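Remember, it's 1-based here, ligands and their atoms both numbered in the order they're listed. Everything quoted here is computed from the prediction, not taken from an experiment.
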Amino acid sequence: MLKFGKYALGFDGIRAVKCAIELGLPDAMEIHNGPMTLSQLLATVGCPAGSLHRIMRFLTRNGIFRKEHNLSKSQDPESFYYSQTALSRLLTRDKMAPFVLVQAGPPGQSVGATAKDLKSGKGSGLKNTNDPSQDILWNMFEEFLGCHAEIATMAIINYCPKAFEGIRCLVDVGGHEGTAIGMLVKAFPWIRGINFDLPNVIAKASAIDGVEHVVGNMFESVPKADAVMLMWILHDWSDDLCIDILKKCKEAIPADIGKVIIVDAIMDEEGGNEYMGARLAMDMTIMSATEKGKERTDKEWAQLLNIAGFSRHTIKHLEAIESVIEAYP
Ligand SMILES: C[S@@+](CC[C@H](N)C(=O)[O-])C[C@H]1O[C@@H](n2cnc3c(N)ncnc32)[C@H](O)[C@@H]1O
């Protein structure tokens, strides 16, 4: 934890600030000596616009920079500009930048976006490799997935039980070792569960009452069921690949009574509830741990679902980082 005045940054935050320093954002603003639009910043630091927008969203929401409208108040990104704060003025190379870089630790020893990854247009992509330091991280990530599934599924059961009424068969696509579908089948015993994942993941899964483990690849086909759940799946993938996955899910469900239940974060550009800080931090983690993944706003979700051929969807917010989107063919 690094404290800046009233703001306290967790580990993701420190790494996002480190990335901003490596990109030269505080120095660029200091040299410019006035507010800058996103495209002015882009021209200076040279990384993809989407990634820079997400880093600046995180940093402004954490009080490092300030985001303001110009007088026209249009929603065009160029009508916003970013300006310095007392904190960002401290983060130039000749002031506290070296201190933050030391706090964030050496590259390659943790998950975190680097300026190099961002400039090349992709995250570092946490993978199961032969590199022992990456393998330790991978094992921690697997353990974290089990904990996450329990917490998120409990929130769904408590705040969104109606979503599961009338479902006879539910397939959890990318359900890992089946924690979520096991809990759902127990809470809603009229459901027959299918846990669907890659062969190496299913090989490690234990038997669960009411759940069948099925091996497969969601980019090829998804087992037929009344409903498909995608929890913490789509935020790992680019828009194009999400549309492919959603189309495969749509093929798996009946056109009249079927639905796809998406459990993922919904970003809010300006407001948001008390979980928004965690969502912003999660977006930084996703940016560094996946190649093209991202947390999406409600507009971005609507666009994906529309292109994938869904006719309508509803959104239910939970007391959690995630919300539940129910999408209908
Ligand atoms: C981030 S985890 C989410 C796990 C679980 N749904 C949760 O919320 O905790 C992503 C899961 O998707 C699985 N997955 C990745 N690619 C897949 C594919 N092509 N087909 C099926 N599952 C896949 C991974 O093995 C992993 O279990």
Side-chain angles (χ1 to χ4, degrees), residues 111 123-129 135 137-157 159-160 163-164 170-185 187 191 193-206 208 211-225 227-238 240-252 260-266 275 278-279 281-296 318 320-325:
V111 184
S124 43
L126 180 61
K127 290 186 183 73
N128 198 356
T129 64
D135 283 353
L137 272 178
W138 180 262
N139 291 339
M140 283 164 63
F141 178 66
E142 292 250 303
E143 205 177 305
F144 164 62
L145 274 186
C147 301
H148 160 262
E150 267 189 54
I151 294 167
T153 310
M154 196 46 78
I156 298 168
I157 292 169
Y159 298 106
C160 209
F164 298 89
L170 173 67
V171 55
D172 188 9
V173 169
H176 202 238
E177 294 182 22
T179 305
I181 192 75
M183 288 172 71
L184 290 170
V185 163
I191 296 178
I194 298 175
N195 180 48
F196 180 73
D197 211 301
L198 295 168
N200 58 318
V201 177
I202 293 295
K204 288 187 276 172
S206 311
I208 302 171
V211 175
E212 181 190 359
H213 292 296
V214 174
V215 164
N217 179 349
M218 64 192 172
F219 292 103
E220 291 168 4
S221 73
V222 165
K224 298 250 178 280
V228 171
M229 183 162 93
L230 290 165
M231 180 160 86
W232 262 28
I233 301 299
L234 298 177
H235 70 178
D236 284 345
W237 302 95
S238 68
D240 286 346
L241 291 176
C242 283
I243 290 163
D244 291 346
I245 297 167
L246 284 165
K247 283 182 175 168
K248 292 294 173 200
C249 293
K250 187 165 168 268
E251 282 168 22
V260 174
I261 302 170
I262 299 166
V263 184
D264 241 322
I266 299 185
Y275 292 94
R279 290 181 198 121
M282 185 61 68
D283 187 48
M284 291 297 97
T285 301
I286 290 290
M287 183 152 80
S288 59
T290 69
E291 297 210 345
K292 300 270 180 194
K294 62 178 174 183
E295 302 295 358
R296 295 178 166 86
L318 312 176
I321 294 176
E322 302 84 0
S323 297
V324 172
I325 304 173

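- Considering both main-chain and side-chain atoms, Gly175 never comes within under 3.5 Å of ligand 1 through any nitrogen or oxygen pair.
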*Stepwise side chain to side chain contact (heavy atoms under 4.5 Å, CB included) check, Ile181 with Ile194*: CA-CA 7 Å; Ile181 192 75; Ile194 298 175; over 6 Å; no
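- Near Ala149, meaning under 4.0 Å from one of its heavy atoms, ligand 1 places the atoms 9 (O).
- Per-residue contacts place His176 under 4.0 angstrom from the following atoms of ligand 1 (heavy atoms of the residue considered): 4 (C), 27 (O).
- In terms of polar-atom proximity, defined here as any N/O pair under 3.5 Å, Met218 does make such a contact with ligand 1.
- A distance-only check finds no donor-acceptor pair linking the side chain of Arg279 to the backbone of Glu295 [under 3.5 Å].
- Less than 4.0 angstrom separates some heavy atom of Val201 from each of these atoms of ligand 1: 25 (O).
- Applying side chain to side chain contact (heavy atoms under 4.5 Å, CB included) to Met231 and the options Ile261, Val324, Thr153 leaves one that passes, Thr153.
- For the 3.5 Å distance criterion, the side chains of His148 and Glu322 qualify, holding a donor opposite an acceptor.
- Under a 4.0 Å criterion applied to the non-hydrogen atoms of Phe219, ligand 1 contributes the atoms 19 (N).
- Below 4.0 Å from some heavy atom of Asp236 lie the following atoms of ligand 1, by number and element: 1 (C).
- Under the 4.5 Å side-chain criterion, counting only non-hydrogen atoms from C-beta, Met218 is in contact with Ile233.
- For the pair Asp283 and His235, the minimum side-chain heavy-atom distance is 4.5 Å or more.
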*CA sep, side-chain torsions, deciding dist, call: Met282, Tyr275, side chain to side chain contact (heavy atoms under 4.5 Å, CB included)*: CA-CA 11 Å; Met282 185 61 68; Tyr275 292 94; over 6 Å; no
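- Contact atoms of ligand 1 toward Trp232: 1 (C), 3 (C), 8 (O) (distance under 4.0 Å to a heavy atom of the residue).
- Checking Leu198, Thr290, Asp197 against atom 25 (O) of ligand 1, the nearest heavy atom belongs to Asp197.
- Annotation for ligand 1: atoms under 4.0 Å from non-hydrogen atoms of Asn217 are 18 (C), 19 (N), 20 (N).
- Here His148 has side-chain heavy atoms under 4.0 Å from ligand 1, and that is the only part of it that gets that close.
- Proximity of Ile233 to ligand 1, defined as any heavy-atom pair under 4.0 Å, is confined to the side chain (atoms from C-beta onward).
- Within the 3.5 Å criterion, the main-chain N or O of Asn195 finds no donor-acceptor partner in the side chain of His176.
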